[in-house]
Amino acid sequence: MKDNLIIGEFVLFIFGFFFFSIFLPDQEISVSERRKLANLPSFSMSKMMKGDYFSELDQYFSDQFPFRDEFRRAKAYTQFYLFQKLDNEGIFIQDDSVFSSLSTWNQKEIDNFIGKLTEIKERYLTTNKQIYYSIIPDKNAYLENSLYPKFDYSRLVHELNSELDASFQYIDLFSKLSLNDYYRTDIHWRQEKIVDVASYLVEEMNHQYVNKKKKEKTFTPFYGSLYGQAALPIQPDTITYLTNDTLESIQVWNFEKQKMEPVYQPNSKNIDSYDLFLSGPTPLLEIENPNQETGELVIFRDSFASSLTPLIIESYHHITLIDLRYISTNLLENLVDFTNKDILFLYSVPVINQSSILK
């Protein structure tokens, strides 16, 4: 009798989830994971023969599984508090902040990064006034007394300084940052904390930094990229961004969308709230400041530059932002005029250590 009851409860449990998965509406996005969820794939004989259909179907059922977030949270609690593991799939928590493990040195990717910068210089930067590069440390670099292995940051600096030729001038940011300069639930730095970094960068590039008075505006709640990966009920962050009449009057030309956009877009419907800075991930942006007569800068960048660039707009007449994660190096010849412009390569450690994502 007891065995039959257990079997009956198990069958009811299985069929309960089956009916939930059928009758509950599909979700378009996961707010906690900041990504779109898979939709029910369309069937075709070609996709089935290649095996693509069943892979897509498997992803669909995984993404649309009933109470998915609750099960992810239960798994995280089990890993951290029951089994006392240091991390859950590479995510760990220390001092009320969420971190993503970055300890594996990838020589091939670092060599590729050096090669990419060298290729760009030889193809496009033969007439430039100055070429600078800077490394943005991930927040793991500022963890103290941590049980987690650290990436060898000093080795990375030494490797790039040794392999890049003398035309690349290195600007060190490591000593200008601290753990408090980063969001607790995200990988990025906080704009209101890096005004001194922006000033330092501009002055190291032999240009005058202009810092007109700005007011703080906030966006809350901000669930960073690491929040969803942690799958735990962590207090969200608040995005603070700095603006003034000049920045609110300037328009940014977005080549991908072929239209002008504001510097900040707090009302954007993008999944990632960090995208309020310069529209988020986009291949190519042009910013012209009519209030400044001098200074033309091209920045090869990743997402960290989205929040830093607004802090230096007032210092330059013209800024071009190039994100090689979304545009091929081969296309730049027809889109960007590099002549007599200062060049800054501004990349974070995770991108350098996975540089094959640069096209």
Side-chain angles (χ1 to χ4, degrees), residues 117 120-121 124-136 167-173 176 188-189 191-215 241-257 259-265 276-324 327 332 335-348:
L117 268 59
I120 293 170
K121 179 214 161 188
Y124 300 120
L125 310 181
T126 56
T127 64
N128 293 88
K129 294 193 295 184
Q130 297 290 346
I131 303 174
Y132 304 93
Y133 78 96
S134 196
I135 301 169
I136 303 172
S167 61
F168 289 88
Q169 298 186 42
Y170 175 60
I171 302 175
D172 182 17
L173 295 184
K176 300 296 179 181
H188 294 105
W189 50 21
Q191 190 194 55
E192 75 277 16
K193 294 290 186 179
I194 59 167
V195 176
D196 58 333
V197 174
S199 172
Y200 173 74
L201 263 175
V202 171
E203 290 170 357
E204 286 295 299
M205 291 189 288
N206 297 310
H207 196 72
Q208 183 178 0
Y209 183 66
V210 177
N211 186 22
K212 294 180 181 178
K213 187 176 181 180
K214 297 179 179 64
K215 57 188 175 183
Y241 60 101
L242 307 178
T243 189
N244 56 25
D245 291 342
T246 300
L247 291 178
E248 290 177 0
S249 68
I250 288 175
Q251 293 289 298
V252 180
W253 176 249
N254 188 318
F255 275 80
E256 182 179 38
K257 298 178 182 177
K259 68 176 184 177
M260 303 297 288
E261 295 181 324
V263 173
Y264 298 114
Q265 297 191 56
L276 74 83
F277 298 105
L278 294 177
S279 305
T282 190
L284 186 61
L285 297 174
E286 296 273 1
I287 308 170
E288 186 166 304
N289 175 16
N291 303 298
Q292 178 62 261
E293 295 181 354
T294 62
E296 293 189 275
L297 177 66
V298 177
I299 304 177
F300 289 87
R301 57 93 174 210
D302 57 27
S303 56
F304 278 80
S306 293
S307 54
L308 178 130
T309 302
L311 300 177
I312 67 173
I313 286 176
E314 293 174 306
S315 303
Y316 288 90
H317 173 64
H318 193 277
I319 297 176
T320 303
L321 292 167
I322 301 170
D323 195 333
L324 294 177
I327 186 171
L332 299 180
L335 295 175
V336 181
D337 179 11
F338 295 99
T339 307
N340 294 324
K341 295 179 180 177
D342 288 339
I343 308 297
L344 173 63
F345 292 92
L346 184 64
Y347 284 102
S348 60

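Just so you know, residue 1 is the first one in the sequence shown, and it goes up from there.
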Would you say the side chain of Y124 lies within less than 4.5 Å of the side chain of L332, judging by non-hydrogen atoms?
yes
Point-to-point distance, once rounded to the nearest 0.5 Å, from CD1 of I136 to CG of L346:
3.5 Å
Rounded to the nearest 0.5 Å, how far apart are CD of Q130 and CE of M205?
10.5 Å
Side chain to side chain donor-acceptor pair (under 3.5 Å), that's the test. Do H318 and E286 meet it? Break it down for me.
CA-CA 7 Å; H318 193 277; E286 296 273 1; 2.8 Å; yes
Set out, in order, the CA-CA distance, both residues' side-chain angles and the distance that settles side chain to side chain donor-acceptor pair (under 3.5 Å) for Q191 and Y264, then state yes or no.
CA-CA 12 Å; Q191 190 194 55; Y264 298 114; 3.0 Å; yes
Working note: H188 + F304, criterion side chain to side chain contact (heavy atoms under 4.5 Å, CB included); need CA distance, chi angles, decisive distance, verdict.
CA-CA 6 Å; H188 294 105; F304 278 80; 3.9 Å; yes
Note: I287 and L278 closest approach over all heavy atoms is CD1-CD2, 4.2 Å
Side-chain heavy atoms of V263 within contact of P310, under 4.5 Å
yes
What's the shortest heavy-atom distance between L284 and V336, and which atoms?
CD1-CG2, 3.9 Å
Could you pull out the closest heavy-atom pair between N289 and I313, with the gap in Å?
ND2-O, 3.2 Å
Is any side-chain heavy atom of K212 closer than 4.5 Å to a side-chain heavy atom of T246?
yes
Atom of K215, atom of E248 and distance for their closest heavy-atom approach:
CE-OE2, 3.7 Å
Residues E314, K214; criterion salt bridge (charged side-chain N to carboxylate O under 4.0 Å, His left out); working and verdict
CA-CA 11 Å; E314 293 174 306; K214 297 179 179 64; 2.8 Å; yes
Hey, do the aromatic rings of Y170 and Y133 have their centres closer than 6.0 Å?
yes
Do you know which two heavy atoms are closest between S279 and Q265, and how far apart they sit?
OG-NE2, 2.7 Å
Taken to the nearest 0.5 Å, the spacing of M260 CE from I250 CD1 works out to 10.0 Å
Rounded to the nearest 0.5 Å, how far does CH2 of W253 lie from OG1 of T320?
13.5 Å
State, yes or no, whether a side-chain contact exists between L308 and L201 at a heavy-atom distance under 4.5 Å.
yes
Quick one: do F255 and L285 satisfy side chain to side chain contact (heavy atoms under 4.5 Å, CB included)? Show the steps, please.
CA-CA 6 Å; F255 275 80; L285 297 174; over 6 Å; no
Using a 3.5 Å distance criterion without hydrogens, assess whether the side chain of K176 forms a donor-acceptor pair with backbone atoms of D172.
no
Regarding N254 and E261, do their side chains bring together a donor and an acceptor under 3.5 Å, going by distance alone?
yes
Does a side-chain heavy-atom distance below 4.5 Å link I312 with V210?
no
Side-chain (T309) to main-chain (A305) donor-acceptor, under 3.5 angstrom:
yes
OH (Y209) and CG (L311) are apart, to the nearest 0.5 Å, by 5.0 Å
For a side chain to side chain contact (heavy atoms under 4.5 Å, CB included) check, start with the C-alpha distance between E192 and L242, then their side-chain angles and the critical distance, and finish with the verdict.
CA-CA 7 Å; E192 75 277 16; L242 307 178; 4.2 Å; yes
What distance separates I120 CD1 from F338 CZ, expressed to the nearest 0.5 Å?
7.5 Å
When you compare the side chains of S306 and R301, does any donor N or O come within less than 3.5 Å of an acceptor on the partner?
yes
Under 3.5 Å donor-acceptor, S307 side chain and F277 backbone:
no
Output yes when a side-chain donor or acceptor of D302 lies under 3.5 Å from a complementary backbone atom of S348, and no otherwise.
yes
Regarding H207 and S315, is there a side-chain donor-to-acceptor distance under 3.5 Å anywhere?
no
Taking the inter-plane angle between the rings of F168 and F345 on a 0 to 90° scale, is it parallel (under 30°), tilted (30 to 60°) or perpendicular (over 60°)?
tilted
